[in-house]
There are 2 protein chains.
Amino acid sequence: MKKLPTIEDVAKKAKVSIATVSRVINKKDKVSKKTTARIESVIEELDYQPSFIARGLSIRKTFTIGVIMEDVVNPFFSQIVKGIGEVLQNNGYFMLLTNSEFNSNNEKKLTQLLIKQNVDGIIIAPINNDSESLRILKENEVLFFAVNCRADINGFDYISTDNLLGGYIGTKYLIEQGYEKIMYIRGTDDQPSLDKLEGFKKAIIESGLKVKDQIIIGKAKTYDDGKRIIENFIKKNGIKSIPEAIFTANDHSALGVMRVLNDFNLRIPQDISILGYDDIDESGLMNISLSTIRQEKYKMGEIAANELLMKIRNKEENVAKQILIKPVLVIRNSVISKK
Amino acid sequence: MKKLPTIEDVAKKAKVSIATVSRVINKKDKVSKKTTARIESVIEELDYQPSFIARGLSIRKTFTIGVIMEDVVNPFFSQIVKGIGEVLQNNGYFMLLTNSEFNSNNEKKLTQLLIKQNVDGIIIAPINNDSESLRILKENEVLFFAVNCRADINGFDYISTDNLLGGYIGTKYLIEQGYEKIMYIRGTDDQPSLDKLEGFKKAIIESGLKVKDQIIIGKAKTYDDGKRIIENFIKKNGIKSIPEAIFTANDHSALGVMRVLNDFNLRIPQDISILGYDDIDESGLMNISLSTIRQEKYKMGEIAANELLMKIRNKEENVAKQILIKPVLVIRNSVISKK
DNA sequence: TTGTACGCGTTATCAA
DNA sequence: TTGATAACGCGTACAA
């Protein structure tokens, strides 16, 4: 690795002090036009680039934001990452991307590492609401913003889809299509999943149906989870005990379920209607495209990054900013009206 | 942001010099058990974490690797990123992830920024072989490793799929199934795409067929590209002029093509066989699952990261390491034998 | 075994 | 308008 020219090299060559060089770089104090020109030409000549980390040490800012995601490959999260990355890049910030792999221990270690790394702020998709990472961030007074996480109690900033509403409108939609018995394939125990389930129940009750008449199984997060869970259900209860409508807590599991149903020669939506959640890109691709509840993933990333940068810039201690985005029902062709 | 305790705080509280504290942290020189214990307890007590950037300035290492990808959301790249990220994380390195968005100008700026940021090395998926970024990296003697890029001439280290072979075996396979007229939907002008096309031509010629009898169109990179290109072709030449076999340079376009064929009531594979390239997760999901050429994306990321770390650690100037991974034909059910 | 003091590359404060 | 020089937080020769 070649040693990069330093501010001192520039200063020597331009026959000025490093202070003066620093001034022309930061365009703050006045430097005579003559010397400015001379210094600038030397900078050009040496292809001098000020070192960010040296500057960081001096002004206590690294222009780096740590990002902790649960799984980058998952399109849901990678869309969020893209939104974050674009905003940061456009604002001259770096993104230090890390992966918690849905593991709380990793998550904790990563937040500590990022703090050691002196990031200017952190965007985190927390595994759960009472995650220790969140506590550490609060304790160290690190500026952070949470994504895909709703926790009004703790009073930290977050952005998330209104998943209670999402679960609700999805279920309502199925009921309106004439279904009275629905299989709900639930997600894990994180707040978004719990909210969706809550929304499901709310819609059921509100429509005069009974929760106990519905089939709630899970917990599914991936394509394989979806496959496994529905396969087990069929093995245990027989293919006929699957109701005519299935609502899953995420598109990935829905795709897995569809695959199994297809193998059993059940047609979608003629035999069984299926509704997903998330609206990942893949849901709309195939011949049977998945109706689903859309989450604004990219937008969540964008907003999280923008809000965090605002916090960093205006140091004012403002009240907690808690943002819920309304989900939207996307009707494709995996659900058919029963009426 | 709370001010974190420094090594000096620890030193004062433990009534030793900062040098001694530094020693127990880095476990190098000998420190008496007594003082070691005392210092460690103070560290614990203050929850002291050495600042990476201060250390970085001192030892000229940031334990940070810059990564320049073309598009993080694209599953092909996000798998690579995951491979890279995991290796780096396990080795105590950070990943500074950036997105060139297939734009050479961005790419150039990003490499300069990463250099300014004093990264210890860079992993780049270059947009093309004679990219200026590559020149800059060479010039500044930055340690780097390229992914998804083959360029024997310039003599830099890279890992890529042997795409010439991939294009070849895919085409061979279709020919073996009895197809003599194949539509090849090509990728862009980057080296991988050119190699695939070369492989396609090689197989055609080797089989006694003629390249001019085949239909080569493109350039496709995305799902929408695939849709658009096949739609335009149909509009221009009529649906009947589509040959019975299509080979696409990537799975995304294949999915787009499949979607259009489906809308025209053409069945896959009964009416038209289709072969993809990449083997992204989505290809195997649906009822008609895509036969394809597999690229080891995750593995490429892993290897690139490992090799780069080796270069960083053993400073020896070793010869260029140029790695080609053999692609594998994955047979699912989108191609049918004509015989 | 421990401490002093310098260097890493900047910014910022004060004098000149 | 410019220049010394002290931070910033850490590692490390060298001295003690």
Side-chain angles (χ1 to χ4, degrees), chain A residues 1-40 42-43 46-64 92 113 115-120 140, chain B residues 1-40 42-43 46-64 92 113 115-120 140:
Chain A
M1 211 96 159
K2 199 157 76 182
K3 196 166 165 302
L4 299 169
T6 72
I7 197 170
E8 208 184 332
D9 299 333
V10 177
K12 271 186 186 151
K13 190 147 197 173
K15 296 189 195 304
V16 290
S17 73
I18 59 169
T20 311
V21 178
S22 179
R23 282 190 196 100
V24 340
I25 290 167
N26 299 301
K27 315 251 178 217
K28 284 186 176 169
D29 285 327
K30 300 148 196 175
V31 181
S32 78
K33 284 198 177 167
K34 251 190 189 167
T35 44
T36 301
R38 191 165 79 250
I39 290 171
E40 274 173 346
V42 172
I43 287 178
L46 296 181
D47 191 26
Y48 163 72
Q49 312 261 31
S51 154
F52 280 145
I53 77 157
R55 167 187 304 188
L57 189 60
S58 182
I59 65 174
R60 280 95 161 306
K61 268 177 170 255
T62 53
F63 295 96
T64 297
L113 279 172
I115 293 175
K116 267 169 103 164
Q117 181 73 341
N118 302 291
V119 294
D120 291 346
N140 290 354
Chain B
M1 213 98 160
K2 200 157 76 182
K3 197 164 166 300
L4 298 169
T6 72
I7 197 170
E8 209 184 330
D9 299 331
V10 177
K12 271 186 187 152
K13 190 148 196 172
K15 298 189 194 304
V16 291
S17 73
I18 60 167
T20 311
V21 177
S22 179
R23 282 188 196 103
V24 341
I25 291 166
N26 299 302
K27 316 251 177 217
K28 282 186 178 171
D29 285 327
K30 302 149 196 174
V31 181
S32 79
K33 285 197 177 167
K34 251 188 188 168
T35 44
T36 301
R38 191 165 77 249
I39 290 172
E40 275 173 345
V42 173
I43 287 178
L46 295 181
D47 191 25
Y48 165 72
Q49 312 262 32
S51 155
F52 280 145
I53 78 159
R55 165 189 305 190
L57 190 60
S58 181
I59 64 175
R60 279 94 162 305
K61 268 176 170 254
T62 54
F63 295 97
T64 296
L113 278 173
I115 293 175
K116 268 171 101 164
Q117 180 72 340
N118 303 290
V119 293
D120 291 346
N140 289 346

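Atom set for the values below is all heavy atoms of this structure, side chains included, hydrogens, waters and symmetry mates excluded.
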*Asks:* Would you say dA12(C) has OP1 or OP2 under 4.0 Å from some side-chain N or O of Ser58(A)?
*Replies:*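 Ser58(A) to dA12(C) OP1/OP2: no side-chain N or O under 4.0 Å.
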*Asks:* OP1, OP2 of dT1(D) versus side-chain N and O of Thr35(A): anything below 4.0 Å?
*Replies:*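 Answer no for this pair, as no side-chain N or O of Thr35(A) is under 4.0 Å from OP1 or OP2.
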*Asks:* Would you state whether a donor and an acceptor, one from the side chain of Ser22(B) and one from the base of dG11(D), lie under 3.5 Å apart?
*Replies:*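 Side chain to base: no pair below 3.5 Å.
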*Asks:* For the pair made of CD1 in Ile43(B) and P in dC10(D), what is the distance, rounded to whole Å?
*Replies:*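 For the pair Ile43(B) CD1 and dC10(D) P, the rounded distance is 10 Å.
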*Asks:* Among Asp9(A), Ile25(A), Leu4(A), find the one that has a side chain to side chain contact (heavy atoms under 4.5 Å, CB included) with Tyr48(A).
*Replies:*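 When side chain to side chain contact (heavy atoms under 4.5 Å, CB included) is applied between Tyr48(A) and each of Asp9(A), Ile25(A), Leu4(A), only Ile25(A) qualifies.
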*Asks:* Between Ala54(A) and Ser32(B), which has a closest nucleotide on DNA chain C that is more 5'?
*Replies:*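 With Ala54(A) and Ser32(B) compared, the 5'-side residue is Ser32(B).
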*Asks:* Are any non-hydrogen side-chain atoms of Gln49(B) and Ile115(A) less than 4.5 angstrom apart?
*Replies:*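 Of all side-chain heavy-atom pairs linking Ile115(A) with Gln49(B), none is under 4.5 Å.
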*Asks:* Base, sugar-phosphate, or nothing for Phe52(B), non-hydrogen atoms under 4.0 angstrom?
*Replies:*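 Nothing, no nucleic acid heavy atom in range.
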*Asks:* Rounded to the nearest Å, what distance is computed from the CZ atom of residue Arg23(A) to the C1' atom of nucleotide dA15(C)?
*Replies:*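 Whole-Å distance recorded here is 11 Å.
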*Asks:* Walk me through whether Gln117(B) and Leu113(B) qualify under side-chain contact (heavy atoms from CB on, under 4.5 Å).
*Replies:* CA-CA 6 Å; Gln117(B) 180 72 340; Leu113(B) 278 173; over 6 Å; no
*Asks:* Output yes when at least one side-chain N/O atom of Ser17(B) is less than 4.0 Å from OP1 or OP2 of dG3(C), else no.
*Replies:*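 Checking Ser17(B) against dG3(C): at least one side-chain N or O falls below 4.0 Å of OP1 or OP2.
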*Asks:* Are any of Arg60(A)'s side-chain N or O atoms less than 4.0 Å away from OP1 or OP2 of dG9(D)?
*Replies:*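 Yes, because at least one side-chain N or O of Arg60(A) sits under 4.0 Å from OP1 or OP2 of dG9(D).
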*Asks:* To the nearest Å, give me how far apart CD1 (Ile18(A)) and P (dG3(D)) are.
*Replies:*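 The distance from CD1 of Ile18(A) to P of dG3(D) comes to 11 Å, rounded to the nearest Å.
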*Asks:* Are Arg23(A) and Val16(A) close enough that some pair of their side-chain heavy atoms sits under 4.5 Å apart?
*Replies:*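 Arg23(A) vs Val16(A): side chains apart.
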*Asks:* Once you round it to whole Å, what is the distance between P of dG7(C) and CD1 of Ile53(B)?
*Replies:*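 So the CD1-P distance, Ile53(B) to dG7(C), works out to 21 Å.
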*Asks:* Taking the nucleotide of DNA chain C with the closest heavy atom to each, which residue, Arg55(A) or Ala19(B), is nearer the 5' end?
*Replies:*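 Nearest-nucleotide comparison on DNA chain C picks Ala19(B).
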*Asks:* Rounded to the Å, how far apart are Leu57(A) CG and dG7(C) P?
*Replies:*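 After rounding, the reported distance stands at 16 Å.
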*Asks:* Could you state the atom-to-atom distance from CD1 of Ile39(B) to P of dG3(C) in whole Å?
*Replies:*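 Value for this atom pair: 8 Å.
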*Asks:* Assign Lys3(B) to base, sugar-phosphate, or nothing according to its heavy-atom contacts below 4.0 angstrom with the strands shown.
*Replies:*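 If one applies the 4.0 Å heavy-atom cut-off, Lys3(B) turns out to touch the sugar-phosphate alone, with no base involved.
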*Asks:* Could you tell me the separation between the NZ atom of Lys61(A) and the P atom of dG9(C), rounded to a whole number of Å?
*Replies:*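 Computing the Lys61(A):NZ to dG9(C):P distance gives 23 Å.
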*Asks:* Sort out for me which residue in Val119(A), Thr62(A), Thr64(A) forms a side chain to side chain contact (heavy atoms under 4.5 Å, CB included) with Ile53(B).
*Replies:*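 Testing each of Val119(A), Thr62(A), Thr64(A) against Ile53(B), the sole residue satisfying side chain to side chain contact (heavy atoms under 4.5 Å, CB included) is Thr62(A).
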*Asks:* Ignoring the backbone of Ile59(A), work out which of dT10(C), dA12(C), dT12(D) is nearest its side chain.
*Replies:*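 Nearest to the side-chain atoms of Ile59(A), counting from C-beta on, is dA12(C).
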*Asks:* Between dG3(C) and Thr20(B), is there an OP1 or OP2 to side-chain N/O distance shorter than 4.0 Å?
*Replies:*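 So the side chain of Thr20(B) is within the cut-off, an N or O lying under 4.0 Å from OP1 or OP2 of dG3(C).
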*Asks:* Could you state the CD1-P distance from Ile7(B) to dT2(C), rounded to the nearest angstrom?
*Replies:*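 About 15 Å, once rounded to whole Å.
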